[in-house]
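Atoms within each ligand, like the ligands themselves, are counted from 1 in listed order.
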Amino acid sequence: MDTVEWTRFEELPIPEALKANLARLGFQEPTPIQSATISKVLAGKDVIGQSQTGSGKTAAYLVPVIARLDAANPAVQAIVLTPTRELCVQVAEVAHDLIQDTGLRVMAIFGGFSLDIQSAALRQGVQLVLGTPGRVKDLMMRDRLDLSHVRNFILDEADEMLDMGFLNDITYIANRTPKVRQNILFSATVAPGVKQLINEYMNYPDHIEIKQATRTADTLSHHFINANGPEKDSTIRKLLSTLKPGAALIFSNKKQAVSRIASAIRGCGLTIDYLHGGREQDERMRIMRNFREGRIGALVCTDVASRGLDVLSVELVVNYDLPREPDVYIHRVGRTGRIGEKGMAISLVSHHDMAILRRIESHARIQLTPYPGFPASASSNTGFSKRPSDEKNSRRYKGHRRQSGPRR
Ligand code: AMP
């Protein structure tokens with residue numbers, strides 16, 4: 001089948017019920033990723049879609065996949081794997097909306113639900129299965145899920161699935177679907193692991209990449225350092241004593257931790273103070289004035305306390321903890337890299353933070369890269385020997401190498 005030219009969903013060669021469901025959802029014109037993907041998938045091509053959550057990627061693969069499902073056949077014909085239950089539920093909601101009045105059945109499979117209930121529902125006949133790799137594999141190993149009639153194999157957020165260690169489960173599942181099938185892979189990044197998946201399982205895929213503008217300053221670079229609990233204090237001390245920023249903000253999620261962190265990082269060569277909502281108003285005013293006038297080099301603070309610092313531009317923002325909300329990250333790092341100045345944001349992360357890190361990357365349309373010079377684990381860190389030499393002796397740290405930027 002050749003790809004079709006189209007500008008509105010109603011022009012697509014898809015079932016009328018699906019068009020009506022799209023209209024009910026208010027989807028009339030496609031988003032860029034949908035416009036580029038849907039006719040290729042309808043034409044039977046393997047597709048790699050590189051775009052973020054929020055771009056309309058779910059419908060980009062669900063619409064053409066659902067359009068080709070056969071309601072008269074009770075076998076599972078398409079499977080979508082997602083890294084988390086949250087994404088699985090989100091995709092399932094869109095799928096449910098899209099299959100109204102089509103006679104098709106959809107099922108979401110993820111841990112935490114009774115295997116028996118899920119198996120019973122599968123026996124009724126389900127054409128589209130959405131699931132997390134672990135639970136899907138589990139049901140397959142118990143012979144309760146048969147994927148031998150699958151025609152569409154879809155990996156959503158493939159990079160995240162690999163980061164979460166699902167490679168073996170994905171391999172197990174893929175190897176038990178027919179060799180001749182159509183593959184669709186969505187991923188925000190195409191790192192080497194994802195490339196390997198593509199090489200192994202996809203058949204001359206078309207690569208569609210939708211670039212979005214970042215939501216943070218272009219002059220700002222974003223990094224992360226792996227550090228857990230007690231390692232965080234020593235990591236920050238080393239960072240500050242090496243970078244010697246003119247002004248740095250260190251954000252903590254917890255008000256109770258702020259003064260402890262400030263004490264723990266003293267001795268890094270900068271004057272340290274801390275700010276949280278519990279400090280007296282006149283004390284807060286004095287600290288802000290001192291920070292503004294350069295008498296405090298690094299200020300440890302909470303998000304609430306930092307509001308009064310909105311107008312300040314700093315050279316370095318450190319996230320002692322990653323905020324739970326992506327918008328808070330954008331707000332925090334907005335203090336640096338202002339008006340064309342270079343700035344840097346460094347986040348200390350543990351392996352528990354990977355999901356929120358990805359959400360921040362996706363939402364802010366940025367990529368956090370490992371901070372150069374740090375080993376993977378801060379516990380074995382011996383210093384910053386790899387700093388560019390031109391920065392070495394500067395009191396005010398400027399001109400670090402840009403390591404990251406908008407996601408490609
Ligand atoms: P997604 O990236 O799939 O999570 O979609 C992001 C949001 O865009 C969801 O709230 C969708 O309901 C909405 N959306 C997706 N496609 C369209 C479209 N063609 N027109 C209007 N809204 C859309």
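For the residue pair Arg332 and Asn319, a side-chain donor N or O sits within less than 3.5 Å of a side-chain acceptor on the partner.
For Gln28, the closest heavy-atom approach to ligand 1 does not fall below 4.0 Å.
Of the possible donor and acceptor atoms, one in the side chain of Asp353 sits under 3.5 Å from a partner among the backbone N and O of Ser350.
Note: no N/O pair closer than 3.5 Å links Pro30 and ligand 1 by distance alone.
Listed by number with element, the atoms of ligand 1 under 4.0 angstrom from any heavy atom of Thr58 are 1 (P), 3 (O), 4 (O).
Of the candidates Phe9, Phe27, Tyr61, the one placing a heavy atom closest to atom 14 (N) of ligand 1 is Phe27.
For an aromatic pair to be called close, the ring centres must be under 6.0 Å apart, and Tyr329 with His222 satisfies this.
Tested against Asp116, the residues Arg123, Arg142, Arg144 include a single salt bridge (charged side-chain N to carboxylate O under 4.0 Å, His left out) partner, Arg144.
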